[in-house]
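The structure appears right after this line, and notes come after that.
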There are 2 protein chains.
Amino acid sequence: MRMTEARKLILEELRRSSKHPTADEIFLKLRTELPSLSLATVYRNLELLERLGVVKRLELSSGRRHYDGNVLDHAHMRCIECGEVVDMPLPGRGWLRKVLSLSDYDLIGINIELVGICKRCASGKKARKGR
Amino acid sequence: MRMTEARKLILEELRRSSKHPTADEIFLKLRTELPSLSLATVYRNLELLERLGVVKRLELSSGRRHYDGNVLDHAHMRCIECGEVVDMPLPGRGWLRKVLSLSDYDLIGINIELVGICKRCASGKKARKGR
DNA sequence: TTTTGTGCAAACGCTTTGCATTAAT
DNA sequence: ATTAATGCAAAGCGTTTGCACAAAA
C-alpha cells in the first residue's frame with residue numbers, strides 16, 4: 001500500500017473532523033488542496049481504509065454513506081432536519097448479553113442510530129441541508 | 001385512500017411474514033398472485049403505508065431498504081452471510097435517558113442493527129444470498 | 001364521473017468499475 | 001522498472017417520478 005497524497009489527505013480529514021462526512025463532502029473539501037482529486041479516488045480510498053480498520057463506515061438512514069475517523073464503538077444521533085451527526089455512548093453490557101443469549105448469532109458489529117431534531121433546527125435557526 | 005388489490009396484498013404480506021422484505025422481494029412474491037403488479041406500485045404503497053405509521057421502514061446496512069409489518073419498537077440482528085433479519089429487544093431505559101441528557105435532541109426514532117453471522121451460516125449450511 | 005392508483009419507462013443519486021495514464025516504490 | 005493508484009466516463013443498482021390509462025368511490 002502506497003501513501004499517496006490523496007490517501008493522506010482523506011485520512012487526515014476523517015481524523016481531524018468529528019463531522020462524519022460522506023464521500024462527496026470529503027471530495028468537495030479536499031478539492032481545494034488537491035484539485036486533481038476525483039470522487040472515484042475518494043470512494044476507493046474510503047473502502048480501503050475501512051478494510052484496514054482505520055476508519056469506520058456509518059450506515060445511517062440518510063441515504064448516503066458516512067465515514068467516521070473514530071473506530072471505537074459508539075452510537076450516533078442524527079438530526080433529520082440538518083443532517084448533523086453526533087456521537088453517543090453505546091448501551092450497557094446487560095442488553096448486549098441479553099441479545100446474544102437470545103439470538104444464536106456470532107456478533108460482528110453494532111450500528112445504532114438515534115434519529116431526532118437538534119436544538120438549533122427545533123428553534124428554526126439552521127438551514128436545511130440533509131433529509 | 002382506496003383499498004386496492006395491490007395495497008391489500010402488500011400490507012398482508014408485511015403482516016404475515018416476519019422476514020423484513022425489501023421492495024423487490026415483495027414485488028417478486030406478489031407477482032404470482034397479481035401479475036400486473038409493478039415495482040413502482042410496491043414502492044409507492046410502501047411509502048404510503050409508512051407515512052400512515054402502519055408499517056416501518058428499516059434502515060439496515062445492506063444497501064437495500066427493508067420493511068417491517070411490526071411497528072412496535074425493536075432492534076434487528078442481520079446475518080452478513082445470508083441477509084436474514086430477526087427481531088431483538090431494545091436496550092433498557094437507562095441508556096435512553098443517558099443519551100437524551102447528553103444530546104439536546106428531541107428524539108424521534110431509534111434504529112438499532114446488530115450485525116453478525118447466524119448459526120446456519122457459521123456452520124456453512126446455507127447458501128449466500130445477501131451481503 | 002371524478003380522482004386516486006397504476007404500469008411503464010425514463011430519470012435520479014449515490015456508488016462502483018473498466019481502462020488508459022500517472023506516480024510511488 | 002514495476003505495479004499500485006488515479007482520473008475520467010460509463011455502467012450499476014435501488015429508488016423516484018412524469019404521464020397516460022385504469023379502476024375505486
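Sequence lines set the chain letters: A, B, ... in the order given, protein chains first and strands last, and positions in each chain run from 1.
- Contacts between residues 30-39 of chain B and DNA chain C, defined by a heavy-atom separation below 4.0 Å, involve S36(B), L37(B), S38(B), listed by number.
- Note: CG (L11(A)) to C1' (dA5(D)) measures 16 Å, nearest angstrom.
- Taking the ring-ring contact (aromatic ring centres under 6.0 Å, His included) definition, one finds that H76(B) meets it with H20(B), H74(B), sequence neighbours left out.
- Residue I10(A) contributes atom CD1, which lies 12 Å from atom P of dA5(D) at whole-angstrom precision.
- Rounding to whole angstrom units, CG of residue L48(A) and P of dT16(C) are separated by 13 Å.
- Electrostatic pairing of K56(B) and D73(B) counts as a salt bridge here, judged by a charged N lying under 4.0 Å from a carboxylate O.
- Between T41(B) and dG5(C) there is no side-chain polar atom (N or O) within less than 4.0 angstrom of OP1 or OP2.
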For nucleotides 19-25 of chain C, 5' to 3', base contacts (B), sugar-phosphate-only contacts (S) and non-contacts (-) with protein non-hydrogen atoms under 4.0 Å give ----BBS

Show your working on side chain to side chain contact (heavy atoms under 4.5 Å, CB included) between K8(A) and E12(A) and close with a plain yes or no.
CA-CA 6 Å; K8(A) 203 172 63 195; E12(A) 272 169 16; 3.8 Å; yes

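- Rounded to whole Å, atom C1' of dT6(C) lies 13 Å from atom CZ of F27(B).
- We find that CG of L9(A) is positioned 14 Å from C1' of dT6(D), with the value rounded to whole Å.
- Ion pairing of E84(B) with R78(B) is absent here, as no side-chain N (NZ or NE/NH1/NH2) approaches a carboxylate O to less than 4.0 Å.
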